[in-house]
Amino acid sequence: MKFEILAPAGSRESLVAGVRCGANAVYLGGKALNARRNAGNFNDDELKEAVAYCHARGVKVYLTVNTLCKDGELEQAYDLVKCALKCGVDAFIIQDIGVIKMISECFPEARLHASTQMSVMTPEGFKALAAMGIARAVLPREMTAEEIFEIRKSTDMELEIFVHGALCMSVSGQCCLSAMIGQRSGNRGLCAQPCRLSFSADNSGSFDLSLKDLSLIKRLKEIGSLGIVSLKIEGRMKRPEYVAAAVTAVKKAIDGDYSHADEKVLKSIFSRSGFTQGYFDNARDKSMFGVRQKEDVVAAKPVLKELSHLYDNENPLMPMDIEFECVKDKPVRLVSSALGKTAKIVGEIPEAAINKPMTEEGLRERLSKLGGTQFFARSVDITLDEGLIVPVSKINSMRREAVKKLSAVETCEPVCLPMPVIPPRSGKTKPYFTARFSSAEQIPDKHPFKRVFIPIWSSAEDFIDNSAGVELPRGLFGKEQMLAKRLEELKKIGVKYALCGNLGAYRLAEKMGFKVYGDFGLNVFNSISASKINSPILSFELTLDEANRINANDTGLIAYGRLPLMLTRNCPVKNNIGCEKCKKRGALTDRKGARFPVVCSPYPCVEILNSVPLYMADRLHEIKTDFVHFYFTDEEKSKIEKIISLYEKGEKANFDFTRGLYYRGVF
């Protein structure tokens with residue numbers, strides 16, 4: 001099997017561990033704008049040195065610029081990409097569609113990989129990525145083998161899959177739990193992992209959001225049949241020994257040597273009550289859940305020292321082909337080839353041997369002494385006239401010079417176009433109102449909403465009676481054909497517009513002739529991304545001031561509702577108390593007693609809502625976006641009518657609420 005082993009490099013030590021143990025590529029971040037900001041990461045000089053180290057060993061480097069970027073950070077992202085290209089970085093892993101557009105237009109030579117944070121999981125989604133110029137995409141960890149194969153059949157794009165490491169409960173890119181609870185945003189690289197704390201469906205203090213770690217290392221034969229090119233290991237926050245163990249295990253599995261003992265080592269170095277393959281096998285049950293226990297921590301100590309020896313010294317992983325010519329009356333010549341390069345070294349004219357002339361065997365032994373370097377001699381071809389000699393020190397010097405030349409990394413000046421200047425937003429208009437309802441029964445007979453959306457599974461009568469648009473689900477794993485069929489039915493009854501929070505759904509609805517509007521799930525965070533989406537509802541992780549400044553046509557902001565904090569494919573309520581007891585009224589209770597409703601649907605994901613609604617009626621005058629959006633979930637019709645009245649009058653709330661992150665912001 002031919003795979004790329006992609007190792008995490010949260011620090012210089014982890015990078016070395018991954019490379020020396022056999023990784024073909026590493027992914028790492030700069031000091032900012034990457035999804036693991038608490039890792040050691042690399043400044044500009046360290047990045048240059050890291051790329052040189054990796055390229056000298058035939059290892060590629062992918063830089064993570066995989067956070068959402070504010071308008072004020074786009075210039076910083078531009079400078080980071082420019083510096084990285086000068087250093088020779090091979091590709092960039094991106095989440096933000098605005099950053100993708102900026103890099104594509106300003107750095108045409110840059111190779112772009114779509115982060116799993118882009119939440120793309122359908123064939124149409126991958127077509128959308130291809131249209132953006134994406135060369136490779138990291139698949140969501142929640143996909144089954146069958147769904148991965150569906151993607152493979154629909155695209156020629158390179159596909160990358162996580163084969164080992166931590167599993168988030170939420171679909172990547174669709175989690176705001178950490179941000180809302182503690183201002184530490186997963187979309188901004190500072191997730192505090194509150195899902196590892198107690199969130200219980202039965203008030204027992206259970207940990208119903210904590211999944212075991214993923215491990216698909218022993219499933220590489222199946223993964224290969226799915227057309228995957230890169231095997232990714234999660235863990236930029238982990239220690240070097242973890243990286244060494246995981247890379248070694250994957251390398252052994254590729255060679256067919258992975259054993260139960262290797263798996264035991266991986267469990268010892270880090271696990272949460274063992275590993276899971278539940279998503280890959282379409283077996284989403286209680287066995288997928290686990291927490292870090294005392295025995296998991298204790299198990300690591302005995303294996304740490306042993307694992308550190310895996311990367312103590314340089315491993316000769318790179319083959320070198322050597323040609324040596326020593327003939328009478330001509331300077332000796334050494335030609336060495338490795339890493340796609342050739343080094344030619346010319347020495348002195350050999351002398352006639354007085355006592356013991358050189359032999360081919362002796363020369364071959366001398367030229368093969370590459371210990372302490374990344375090279376091993378794959379072939380040594382010698383042309384030697386009889387009776388000649390060259391000092392051993394000179395031969396050693398020629399060999400070292402060849403290694404130095406082959407290890408040298410060439411730098412080049414990238415094609416670099418200026419970044420467009422984003423002018424400040426102008427104009428102050430009173431925002432109009434739009435709304436989504438979880439049920440048509442909630443819609444008042446009279447309302448102020450310019451656009452109304454209801455879920456795709458609502459009845460034909462509901463759409464017709466309310467002149468409603470259709471809200472498409474964010475989680476579409478394996479359901480694109482079902483979605484397309486339903487959209488065709490809605491189109492025939494006169495539904496004209498669609499609210500889409502997923503790139504695949506957005507492209508599909510647009511292709512089918514709907515007027516498409518962008519929902520919050522698209523994570524629109526800056527003016528460039530806002531310009532790519534029609535009438536986008538901006539991310540609610542922006543502050544109000546940041547949202548007001550975004551300069552694009554017809555932008556909106558959620559001004560009321562229980563904000564969806566997590567989109568998850570594995571229902572935490574079902575896996576604890578079961579659907580029969582839940583009766584579609586499930587909720588999770590945290591350690592402080594706050595209650596978070598869990599909403600299920602006919603599509604393969606559930607949403608976990610905030611414990612209290614966002615409320616901005618008395619601060620509506622501070623919102624400068626073109627429209628405000630109401631996100632109605634579990635409210636009865638009578639309450640919705642009261643809420644509308646409060647917003648029309650600009651009155652304060654008489655119930656518990658939150659201002660969200662509009663004044664707090666995220667770190």
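Keep in mind the model is a prediction, meaning the values are calculated, not measured.
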Residues forming a side-chain contact (heavy atoms from CB on, under 4.5 Å) with Lys515, sequence neighbours excluded: Tyr497, Tyr517, Asn534
Parallel, tilted or perpendicular: ring planes of His113 versus Tyr62, cut at 30 and 60 degrees: perpendicular
Contacts of type side-chain hydrogen bond (donor to acceptor under 3.5 Å, both in side chains), residue Asn315, not counting sequence neighbours: none
Backbone N/O of Val415 and side chain of Glu109: donor-acceptor pair under 3.5 Å: yes
Donor-acceptor contact below 3.5 Å, side chain Ser225 vs main chain Glu222: yes
Any Val163 side-chain heavy atom under 4.5 Å of Ile228 side chain: no
Neighbour count above 12 (heavy atom, 6.0 Å) for Asp156 CG: no
Nearest heavy-atom neighbours spanning Val59 and Val26: CG1-N, 4.1 Å
Pair Glu142 + Arg284: basic N to acidic O under 4.0 Å: no
Over 12 non-hydrogen atoms of neighbours within 6.0 angstrom of CD in Glu75: no
Atom pair OH/CG of Tyr311 and Leu15 - distance to nearest 0.5 Å: 12.5 Å
Test log, rule side chain to side chain contact (heavy atoms under 4.5 Å, CB included), inputs Phe453 and Asp519: CA-CA 11 Å; Phe453 299 94; Asp519 207 352; over 6 Å; no
Test item: side-chain donor near acceptor, Ser458 and Glu471, under 3.5 Å: no
Val666 vs Asn187 side-chain heavy atoms within contact, under 4.5 Å: no
Side-chain (Asp262) to main-chain (Ser259) donor-acceptor, under 3.5 angstrom: yes
Validation row: Lys252, Thr248 side chains within 4.5 angstrom (heavy atoms): yes
Stepwise side chain to side chain contact (heavy atoms under 4.5 Å, CB included) test for Val120 and Ile151: CA-CA 10 Å; Val120 175; Ile151 298 298; over 6 Å; no
Residues, nucleotides or ligands: over 12 heavy atoms within 6.0 Å of Lys31 NZ: yes
Atom pair CD (Gln277) and CG (Asn282), whose distance is rounded to the nearest 0.5 Å: 13.5 Å
Heavy-atom closest pair, residues Cys21 and Lys251: O-CD, 3.5 Å
Stepwise side chain to side chain contact (heavy atoms under 4.5 Å, CB included) test for Leu139 and Phe126: CA-CA 10 Å; Leu139 292 167; Phe126 277 79; 3.4 Å; yes
Atom NZ of Lys48 with >12 non-hydrogen neighbours under 6.0 angstrom: no
Student check: side-chain heavy atoms of Phe375 and Ser336 closer than 4.5 Å: no
4.5 Å side-chain heavy-atom contact, Arg36 and Glu234: yes
Carboxylate-amine/guanidinium contact Lys485 Glu488, below 4.0 Å: no
Stepwise side chain to side chain contact (heavy atoms under 4.5 Å, CB included) check, Leu406 with Met320: CA-CA 10 Å; Leu406 292 174; Met320 180 189 290; 3.6 Å; yes
Main-chain N/O of Gly125 paired with Tyr506 side-chain donor or acceptor, under 3.5 Å: no
Close side-chain approach of Phe275 to Lys212, heavy-atom, < 4.5 Å: no
Electrostatic pair Lys532-Glu105, nearest N-O below 4.0 angstrom: no
Distance-only polar pair, side chains of Ser379 and Asp321, donor-acceptor under 3.5 Å: yes
NZ (Lys60) with more than 12 external heavy atoms under 6.0 Å: no
Where Ser535 and Asp554 come nearest, the two heavy atoms and their spacing: OG-OD2, 2.5 Å
Option among Glu124, Met121, Met132 that satisfies the side-chain contact (heavy atoms from CB on, under 4.5 Å) test with Leu503: Met132
Cation over ring face, Arg188 and Phe525, 6.0 Å, 45°: no
Under 3.5 Å donor-acceptor, Asp71 side chain and Asn526 backbone: no
Expected output: side-chain Ser527 to main-chain Asn551 donor-acceptor under 3.5 Å: yes
Side-chain H-bond candidate by donor/acceptor type, Arg141 with Thr116, under 3.5 Å: no
Ionic contact status for Arg12 with Glu49, cut-off 4.0 Å: yes
Nearest-0.5 Å distance that lies between atom CG in Leu214 and atom SG in Cys168: 11.0 Å
Glu480/Lys127 under salt bridge (charged side-chain N to carboxylate O under 4.0 Å, His left out): CA gap, chis, key distance, verdict: CA-CA 13 Å; Glu480 188 170 87; Lys127 290 174 184 175; over 6 Å; no
Check: Ala35 main-chain N/O paired with Asn66 side-chain donor or acceptor under 3.5 Å: yes
Spatial distance of atom CG (Leu177) from atom OG1 (Thr568) [nearest 0.5 Å]: 11.5 Å
